[in-house]
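Read through the structure below, which is laid out as structure tokens, and then see the notes.
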Amino acid sequence: MTANEVRESYKKFFEGKGHKIVPSAPMVIKDDPTLMFTNAGMNQWKDIILGTKDPGKDVRRVDSQKCLRVSGKHNDLEEVGHDTYHHTMFEMLGNWSFGDYFKEGAIDYAWEYLVDVLHLNPEDLYVTVFEGSKEEGLSRDDEAAKYWAKHVKPDHIINGNKHDNFWEMGETGPCGPCTEIHVDSRTPEEKAKIPGRELVNKDNPQVIEIWNVVFMQYNRKADGSLEPLPMHVIDTGMGFERLVRMLQDKHSNYDTDIFQPIIQQIEALSHQQYGFTTPTGKLGEGSTEQEKIDIAMRVVADHLRAVAFSIADGQLPSNAKAGYVIRRILRRAVRYAYTFLNQKEAFLYKLLPTLVHEMGAAYPELPAQQELISRVIKEEEDSFLRTLEKGINLLNADMDELTAQGKTELPGTQAFRLFDTYGFPFDLTELICREKGFTVDEKGFDEEMAKQKARARNAAAVENGDWEVVREGEQAFVGYDYTEHTTHILRYRKVTQKKNTFYELVLDFTPFYGEMGGQVGDQGVLVNDDETIEVLDTKRENNQSIHIVKALPKNLQAEFMACVDTEKRNASAANHTATHLLDYALKQVLGDHVEQKGSYVDPTTLRFDFSHFQKVSDEELRQVEQLVNQMIREDFPLDEHRDTPLEEAKALGAIAIFGEKYGDKVRVVRFGPSCEFCGGIHATSTGRIGFFKIMSESSVAAGIRRIEALTGKACEDAIYAATDTMNDLKAMFNNTKDLKASIEKFISEHDELRKELERFQAQAVERTKEMLLSRIKEVNGISVITAVLPIEPAAAKDLVFKLREAVPQKLVAVIGSTAHNKPLLTVMFSDDMVKEHQLNAGQIIREAAKLIQGGGGGQPHYAQAGGKNIDGMNAAVDKVIALANL
Ligand code: SER
């Protein structure tokens, strides 16, 4: 079976068991502060598992989820490349039961699929069950063991500890015991030597876990305790790449048709051969040249996928958070390609067409954005390669200096500086150093690293208390229809950030919009007869509005009126609606390749990022503005469709954003011809925007442009400011009626005057020259001209060259100029003075300029030096003559 067939067969099997096939969520997570990337299939169902969202009728689902395990609790980055079965990005096949079948059903289905459908040999399968944990107060999962006993022999059931058999999403959140299925794919001879059960979870590359079936039963709270979940959930995750490898009878994931096309392309481009994976699947430590090449090829093939999929999901490499993680993955790949595949120029982006060819059918976001992904990767590669060169030069200079001091160890501080400033990981520094016979102080490096981590921790530390429940219930968001509503507090928690303390509240009914989709959260108040609590901001977490307040109300049980600050909200709403019109107009004017790549709106800001591959011309910008303003004047009403099934929304022609997470039901927002998927707060009609004006257009990254614009009142203010400037200018020109003509006249007069001044100066230089020629002093047959004059620097230069023209031989001329009280020394020697008398104007002037507290230099025949001490001018001129030693 090909990889694509395996993916399909899994989905079809579970569809046949009543599961709905659902798409993968984006790999990059945008609205969960605890997680940057999807690291497990269950992330997108977290709300359902925790009971804050109703699963609806589809309580059985199946999918293939794009996952990335490169940060936080599940981080495989450093392993990748060095073994045959870890990846940064991988696909996780999952079947889900939300309060439907539980342990028995999940085990039966898993067995049926592996043995009856895929025909894996039951003798090769081992399963683990949770052995229990005293500290958690949990006993062994006898239930799972009992159901497994229906299918496998007793010696194929193995107890596993909390680390392996109690799955947790992160420090907090859904968790529960799990059962893992491991496959022994060793040769019969090896199997005869050691039974497979002894190699389970022992890092043997041929006895690996392929499927994890989690019985979600608890929520881990911030204080470490376990709280039972409202319903039992089945969350299974099967490693797609590992499964394909078993089915294709390979010894390494990289030998399957998932990776081979990319590896072959790497071979072709780098003119290197990928090695052969032995049946033991064991790889060397990377000590031979071939092993290094193989590791590099695996790293590149793996990281290309992670980076390309992230960019497709809207996450560009950057210096912060998720963007920084992507940048690091990309740089790790560049570094391996640079060092071991000898790729000194951008290279990864050339592999993209192969990836798109292989995976584009299953993940259409890749082909749709291929050009953008390619440009972004290439630019990142180019810029990192430049950094790499700089870092290497710096490191070489450091080593030269150490050699001069007779040392052969690079201090940890220097290695850390390379890491911190130039992104050099320790092993790269070590590698370069080793080639020159240097060692690196690893302990010192680790110490610096620890110091930096401590600094970062202190800067970012946010401590969330546990939620305290005031009353049971779920939140209802009423903000699309109301800006005021009665409300009660359901839950609150204390949050401490950088020594500041505030509280977060969940209300039963709230009109407050929590920050999402680039639109800021609402501000406002909670008010009743006794008190007024200011809501400083509202954010969004797990699909709820979280209200941020400085202090808790005195009476937590009381009823409040929740009132949104409507002036601010209306201004943000107008800006948000304007981004929709802008998106529409950009597609009309520039073409359909325009994709929204980010936006930010608050009461005064409107920023919109989009893919486009060159500067937008002034004329195009004007057309876009005109189109938007026309749509404003048409006053299209907000036509909103809440809870529209996804397919219906697509049929309406609504525009979705790549990398956004959409549920089964979406909200569609339409204003005339503009129609988008959107959960934001909008103006009631486009007329409310008032007016739209683009203020700037710039580049944010390769292939991504940014427009900043103003609407409504802000436009009005901008127009006043521009009019005021215009009036001030007119006033400067005696309130002229035609400002443009007056300025043109002014500029041409100015040009005329400048030319005239230059003519006068040239005449003055000519007269001065004549005067100086009449006063030449002869010293030993040499014509010596010295003078201190109030002339401009350019005129001084002009003058000495004219003197040399008049006296081409045996000339020494020294002019001290004092114009504007700025001393300047100018020295000219005729060529024969340089050749025969070995005079050097550049050297002499450096010495003489000390007398005017200055410095300068030049060529042997001509030099100039400025200074600070005008009183030293005469002495400096004399000094030149003295040093010339005529
Ligand atoms: N959540 C489990 C895992 O990620 C099973 O899907 O391994």
Side-chain angles (χ1 to χ4, degrees), residues 7 10-11 13-14 19 21-27 29 32 34-50 55 60-77 79 85-98 100-103 105-107 109-111 113-114 127-130 141 144 160-183 200-201 208-220 226 229 231-243 253 306:
R7 197 187 290 111
Y10 177 79
K11 290 185 188 167
F13 172 78
F14 280 98
H19 292 62
I21 299 180
V22 293
S24 170
M27 198 168 72
I29 296 182
D32 186 341
T34 61
L35 204 60
M36 289 194 280
F37 301 102
T38 297
N39 63 11
M42 52 73 62
N43 297 156
Q44 69 163 322
W45 318 119
K46 186 175 152 195
D47 303 343
I48 300 181
I49 300 173
L50 287 175
R60 293 180 174 212
R61 302 182 195 182
V62 59
D63 65 0
S64 167
Q65 173 65 48
K66 307 174 275 187
C67 295
L68 193 64
R69 290 197 169 170
V70 287
S71 56
K73 192 172 172 68
H74 300 279
N75 186 352
D76 294 332
L77 182 60
E79 250 116 331
Y85 57 103
H86 278 99
H87 301 290
T88 52
M89 186 219 151
F90 63 98
E91 289 178 77
M92 193 183 268
L93 304 175
N95 52 287
W96 311 89
S97 157
F98 302 117
D100 191 358
Y101 62 86
F102 200 46
K103 298 190 183 182
I107 287 173
Y109 285 150
W111 189 257
Y113 180 62
L114 294 179
V127 299
T128 58
V129 297
F130 180 46
D141 193 353
N161 59 20
K162 188 175 136 188
H163 175 263
D164 290 321
N165 281 81
F166 192 86
W167 198 86
E168 308 205 34
M169 189 190 99
E171 295 310 323
T172 57
C175 55
C178 61
T179 179
E180 295 177 344
I181 303 167
H182 297 249
V183 183
V200 165
N201 277 332
I208 58 171
E209 175 207 340
I210 54 161
W211 203 345
N212 186 13
V213 177
V214 184
F215 310 123
M216 290 291 188
Q217 286 172 260
Y218 306 102
N219 178 16
R220 170 83 68 193
L226 294 175
L229 290 173
M231 68 177 166
H232 286 170
V233 169
I234 287 295
D235 151 19
T236 90
M238 175 142 60
F240 173 67
E241 294 76 7
R242 295 180 181 187
L243 177 67
N253 292 2

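In each ligand, atom 1 is the first atom listed, and ligand 1 is the first ligand listed.
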Please confirm whether the ring centroid of Tyr10 lies under 6.0 Å from the ring centroid of His19. no
Would you please indicate yes or no on a ring centroid separation below 6.0 angstrom for Tyr113 and Tyr109? no
Can you pull every nitrogen or oxygen pair between ligand 1 and the protein closer than 3.5 angstrom?
from: ligand 1; atom 1: 1 (N); to: Asp235; atom 2: OD1; distance (Å): 3.4
from: ligand 1; atom 1: 1 (N); to: Asp235; atom 2: OD2; distance (Å): 2.7
from: ligand 1; atom 1: 4 (O); to: Arg69; atom 2: NH2; distance (Å): 3.0
from: ligand 1; atom 1: 6 (O); to: Asp235; atom 2: OD1; distance (Å): 2.5
from: ligand 1; atom 1: 6 (O); to: Thr236; atom 2: O; distance (Å): 3.4
from: ligand 1; atom 1: 6 (O); to: Gly237; atom 2: N; distance (Å): 3.1
from: ligand 1; atom 1: 7 (O); to: Trp167; atom 2: NE1; distance (Å): 3.3
from: ligand 1; atom 1: 7 (O); to: Asn212; atom 2: ND2; distance (Å): 3.2

One should read off an interatomic distance between Ile107 CD1 and Ile234 CD1, to the nearest 0.5 angstrom, of 8.0 Å
Tell me if a side-chain donor or acceptor on Thr128 pairs with a main-chain N or O of Glu180 at a distance below 3.5 Å. yes
Restricting to non-hydrogen atoms, name the atom on Glu91 and the atom on Glu241 that form the minimum distance, rounded to 0.1 Å. N-OE2, 2.9 Å
Can you spot which of Leu68, Asn39, Thr38 makes a side chain to side chain contact (heavy atoms under 4.5 Å, CB included) with Ile29? Thr38
